[in-house]
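Position 1 is the first residue of the sequence, and the numbers go up from there.
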Amino acid sequence: MFEPKRLHPIVIVLTIGKRLKDFIFSFIALFFIWKNGGKLLLFGAIGIAMVAIVLTSILSWLRYTYRLEQNELRIEYGVFVRKKRYIPLERIQSLDISEGILQRLCGMVKVKVETAGGSGTDEAEAVLAAISKEEARYIQEYVAAAKNPAVQEVESNPAISSHTVYRMAPSQLILLSLTSGGVGVVISAVLAFFSQLDDFIPFERVFRGVEQWAVSNLIIIVLFVFGGLVVAWVIALVGTMLKYANFNVTKTEHDLVISQGLLEKRQITIPLTRIQAIRINENIVRQWLGYASVIVESAGGSVSNQEGSKVLLLPLVKIDSIEDILGPYLTDYRLSSSFHPVPKRAMLRYIFRSWIIIVPIVAAAIFFLKAWGLLSLIVLAWFTFWGILKYKDAGWKLENQQLNLRYRKMVRSTVFIKKNKIQSLEVKESYFQKRKDLGSLEAFVKVGFGGGGSTVMDMDQNDLKKVYSWFSREAKKRD
């Protein structure tokens, strides 16, 4: 593939759609600004903008070429200013292959190229929006050959043997959808959409007109809100099922390969050497049911592409079967379930931290609402329970060359980090912690364009010294 090639013409349609989406609010603004200034002027401005979008989309497709040459992926693009981007193949971290609806109709795939350090922008290092499956497979093999000098000829390279690590069953997909937090994402997206229209729609005048009606029809409003939440839940349920349908994880010689999706098929490659940490997440419902999700934190991705650095490896799995599933393939890690707890004297501190925000609110509710305000004590009891739960979940363990940390925020997280992957280890103690002979431990790893960390609060000082001594340079010399 040494001759420059163009992407499939379907990219023109994709580009037009993307630019229309970017300009939709500008079109809405034009409509409200010029609605009294003459329809001819309004439609003329919109028509000129549409013609410009179509022409620049066609030109950008014509000017975009790619080729593999001298162990580099070379891309040239730009409508008015010609730009060239040369990516050494050994720097390529992963190739994220996906099939959107339009790509599938044309038999094409989309390839996102992620490099070890990222470009520092919100986009991937390079995106081939529509190429054939054969070309995508060839690029994969060519990149693998460039990273492995022992392989001289791509064409003569036999098929790489792979082993199935995990395949999601239909029952697991349903349970995953039922226990996901996708409804919050849907509601946030709707609210974000309406917030963008705040400058164009006179919400204040509209709501002033229905204020009296709302007071006398409170039950209808409650039912309407409940119905909206149900609809959002159903949308999130269907979206999760479509996203994770046909979820499959296979292991090749050097990588873990994830394929998923029904409407949009995706394939994500995780090099084993780039894994920085393994994280097990359990929300409160899944924890009670004995299920969890497993995330691999990798030194790849870009600023906005968190999926390139934090990849969902096992969306839903029985917590006691994780070691059996991943142990034979991630042999460097010991996915232990036993931890040393934080000391009992730390429990009050966990409860106090959960009270910091809620206690003033409860006090104000009781003061202003009198007897009705006493109902806020239920909220206080819940926050107290949550503080105790955080205390019970906190723990740590050293296992040869591995640090295991467990803590809870909204979900319980268990993190396994190899010693040589830890970027830095911090031990902190406040004045009040020092009085109780306690401190906090925070471990950082290189994840994507930035970093990731895990923190266990209020550990015993002697335990902190053990961990710090294990990680210190003196300990490394002894190793």
Side-chain angles (χ1 to χ4, degrees), residues 1-8 11 14-15 18 60-79 81-100 103 108-155 157 160 252-258 266-276 298-311 446-450:
M1 194 189 293
F2 300 113
E3 293 298 324
K5 291 191 175 184
R6 287 195 178 95
L7 304 176
H8 190 275
V11 171
L14 295 170
T15 305
K18 181 178 183 299
S60 65
W61 170 73
L62 288 171
R63 301 273 286 174
Y64 193 108
T65 62
Y66 69 96
R67 69 184 187 274
L68 291 171
E69 186 175 341
Q70 296 181 359
N71 282 337
E72 291 179 333
L73 174 60
R74 299 185 174 184
I75 298 174
E76 298 183 12
Y77 61 100
V79 176
V81 179
R82 193 67 170 165
K83 301 177 182 178
K84 298 181 180 181
R85 177 174 292 176
Y86 294 170
I87 306 173
L89 298 184
E90 63 269 14
R91 281 191 59 225
I92 294 179
Q93 168 67 32
S94 64
L95 297 173
D96 183 353
I97 300 176
S98 61
E99 297 178 54
Q103 282 100 340
M108 300 288 116
V109 296
K110 175 182 177 180
V111 178
K112 296 176 70 174
V113 180
E114 300 286 0
T115 57
S119 61
T121 65
D122 288 347
E123 301 292 337
E125 189 75 16
V127 178
L128 305 179
I131 64 175
S132 67
K133 295 179 181 179
E134 292 73 18
E135 289 181 1
R137 190 177 302 112
Y138 182 85
I139 292 174
Q140 280 185 312
E141 295 175 351
Y142 202 92
V143 170
K147 289 186 174 184
N148 185 3
V151 180
Q152 299 296 328
E153 294 291 336
V154 174
E155 291 79 2
N157 186 26
I160 300 174
T252 61
E253 185 178 0
H254 303 292
D255 306 310
L256 290 173
V257 181
I258 299 173
R266 298 193 61 194
Q267 185 182 92
I268 304 173
T269 302
I270 311 169
L272 295 173
T273 56
R274 305 297 294 182
I275 293 177
Q276 304 297 296
S298 174
S302 58
V303 176
S304 65
N305 180 27
Q306 292 301 316
E307 289 191 353
S309 57
K310 297 182 179 180
V311 183
K446 176 67 175 178
V447 176
F449 185 71

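Contact annotation: the side chain of Thr269 never approaches that of Asp96 to less than 4.5 Å [non-hydrogen atoms, C-beta and beyond]. You'll find the side chain of Tyr86 stays beyond 4.5 Å of the side chain of Leu73, heavy atoms only. In this structure, Val109 and Lys133 have side chains that are in contact, with non-hydrogen atoms separated by less than 4.5 Å. Residues Trp61 and Arg6 are in side-chain contact: their nearest non-hydrogen atoms beyond the backbone lie under 4.5 Å apart.
Closest approach of Ala129 to Val11, counting heavy atoms only: CB-CG2, 3.9 Å. Listed here is the closest heavy atom pair of Ile75 and Ala126: CD1-CB, 3.4 Å. Residues Val111 and Ala136 approach most closely at CG2-CB, 3.9 Å, considering heavy atoms.
A side chain to side chain contact (heavy atoms under 4.5 Å, CB included) with Lys112 is found for exactly one of Ile268, Leu128, Val127, namely Val127.
Between the side chains of Gln267 and Gln140, at least one donor N or O sits under 3.5 Å from an acceptor N or O.
Judged purely by atom type and a 3.5 angstrom limit, Glu141 has no side-chain atom pairing as donor or acceptor with the backbone of Tyr138.
With a 6.0 Å cutoff to the six-membered ring centre and a 45° limit on the axis angle, Arg63 does not count as a cation-pi contact of Tyr77.
Residues passing the side-chain hydrogen bond (donor to acceptor under 3.5 Å, both in side chains) test with Glu99, sequence neighbours excluded: none. Shown here are the salt bridge (charged side-chain N to carboxylate O under 4.0 Å, His left out) partners of Glu76, two or more places apart in sequence or in another chain: Arg67, Arg82.
Between atom CD of residue Glu72 and atom CD1 of residue Ile92 there is a gap of 10.0 Å, rounded to the nearest 0.5 Å.
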